[in-house]
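A short write-up of the structure that comes next.
We name chains A, B, ... by the order of the sequence lines, and we start the count at 1 in each one. Model, not experiment: these values are computed from the prediction.
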2 protein chains.
Amino acid sequence: MPSEERRELVLDAAMTVFGDLGYAGATTDMIARAAGVSQPYVVRMFGTKEQLFLDVLGRALDAIMQAFRTAIAGDPDLPLQRRLGLAYFELTANRGILLCLMHAFALGADPVIGPAARCGFMEVYQLLREEGGMDAPEASEFLAGGMLANVVLGVRLFDDYDSDPAVQELMGAVFPEKLDLIRRSHPPLKAATPARGGVSAPPR
Amino acid sequence: MPSEERRELVLDAAMTVFGDLGYAGATTDMIARAAGVSQPYVVRMFGTKEQLFLDVLGRALDAIMQAFRTAIAGDPDLPLQRRLGLAYFELTANRGILLCLMHAFALGADPVIGPAARCGFMEVYQLLREEGGMDAPEASEFLAGGMLANVVLGVRLFDDYDSDPAVQELMGAVFPEKLDLIRRSHPPLKAATPARGGVSAPPR
DNA sequence: GATCTTTGTAATCATCCGATTACCTAAGTC
DNA sequence: GACTTAGGTAATCGGATGATTACAAAGATC
């Protein structure tokens, strides 16, 4: 297989694994297995795990930027916010894109990932402001809705959809009109979510 | 020192370290050093690193719930959204609280942390709905603003405040009227953020 | 057909990290 | 003063993990 193609496979796998486990929680071996290659090959393709994450982050940002640009250039009969909302909704079909972004956004203190995440975040904001023609409050409100959607996705609220009416209500507010679609593309892992544990008291 | 007191010190340290590095990225040794105790002592106090994170998560949720309850019971001359917004703003004084939550919210696929994070997230939502008397869209919009604030905090956008006018604009929209205060409590780590790196091409 | 490049893997290394064990000291308690 | 308990550490262990090295097989090139 040509290395370009293999590289895409590895990047796809890495996006999924990083998305579920975070940067530090994912291992190059998991990613390699998910991509069907050996662990040393992953390292040699990208140099370091850190660089692999940066590449995944760049790919996720590219996906968002492209989706937004397409939406901005789309059907002018629909209001812009609606077009962008639909575009964002379509991005949720791939958990990895948005979850890797969220992990990166939470690692601002990292000396390498932090600057890249800041830069990417502001790139998206600038796209909304300049190419989208939004003013600051509009762009900020749109971003806020996106961040909430990311969290709902990241925390896997769908997993409790059937058992918790409050989850149904909240998700209905976060993904208006699109709930059925989003649930179909994110089947629950398992059913019950118990209460959060109290204070630990380990035996000596 | 009584162990209760020591426990609080360790929980404080853990909240900071977990907040900056994430669950998997933080080590029990870093937390121990930050708290001024030995690494085995941290493990023995909480049983496992995972349980320590759960305790930190619970403590962060308690802080939010209490802040919101106080705000709800507060000065009725101010609108509720404003009171809650101010309460949330005060929470940002401790990065750890909100960043640990964000890390937990991004780990929904974890079999132990995921359920706890879902439960905590819904607890906050229910508080806004029931005790706060908000309807679903109001609560959802408020949460969205909070999640954006968390991301701005997590990605350390302040670090680029002086060098990037777009950052100033966005942060002005996210933290209305409170910018000066929030910047004072979050001094930048260092100045410049370079462009995000391109595609990696390691030497063979 | 010998050589070189590309595409890959098996084996291994050095390090880190969570956890365990064994101990230590000081303060109560009898 | 012997004994117990609480608060704490040094040393260490075993497993995981990112990275490195050495090697191999399949084309391309001459």
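Side-chain contact check for A:E141 versus A:Q81: every heavy-atom pair is 4.5 Å or farther apart. Side chains of A:K49 and A:V43 form no contact here, defined as non-hydrogen atoms less than 4.5 Å apart. Between B:Y41 and B:R44 there is a side-chain heavy-atom pair separated by less than 4.5 Å.
When the C1' atom of C:dC16 is taken as reference, atom CG of B:L21 falls 15 Å away, rounded to whole Å. When rounded to the nearest whole Å, the span between CE of B:M1 and C1' of C:dA26 equals 15 Å. The distance from atom CZ of B:F46 to atom P of C:dA19 is 13 Å, rounded to the nearest whole Å. Rounded to an integer number of Å, the gap from CZ of B:R33 to C1' of C:dC16 is 12 Å. Straight-line distance from the CD atom of A:E4 to the C1' atom of C:dT6: 13 Å, rounded to whole Å. If you take CD of B:E5 and P of D:dA6, they are 18 Å apart, rounded to a whole angstrom. B:Q51 places its CD atom 15 Å from the P atom of C:dG18, with the value rounded to the nearest Å.
Not one side-chain nitrogen or oxygen of A:S3 sits closer than 4.0 Å to the OP1 or OP2 atom of C:dT6. Phosphate proximity of D:dT9 to B:Y41: absent, as no side-chain N or O sits under 4.0 Å from OP1 or OP2.
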For nucleotides 16-22 of chain D, read 5' to 3', which letter fits each nucleotide if B means a protein heavy atom sits under 4.0 Å from the base, S means only the sugar-phosphate is that close, and - means neither?
-SBBB--
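For residues 135-158 of chain A, the set of pairs meeting the ring pair (Phe, Tyr, Trp, His ring centres under 6.0 Å) definition, not counting sequence neighbours, comprises A:F68-A:F142, A:F158-A:H186.
Take B:Q168 and apply the side chain to side chain contact (heavy atoms under 4.5 Å, CB included) test, not counting sequence neighbours, and it matches B:Y161.
Using a 4.0 Å cut-off between charged nitrogen and carboxylate oxygen, A:R7 and A:D55 count as a salt-bridge pair.
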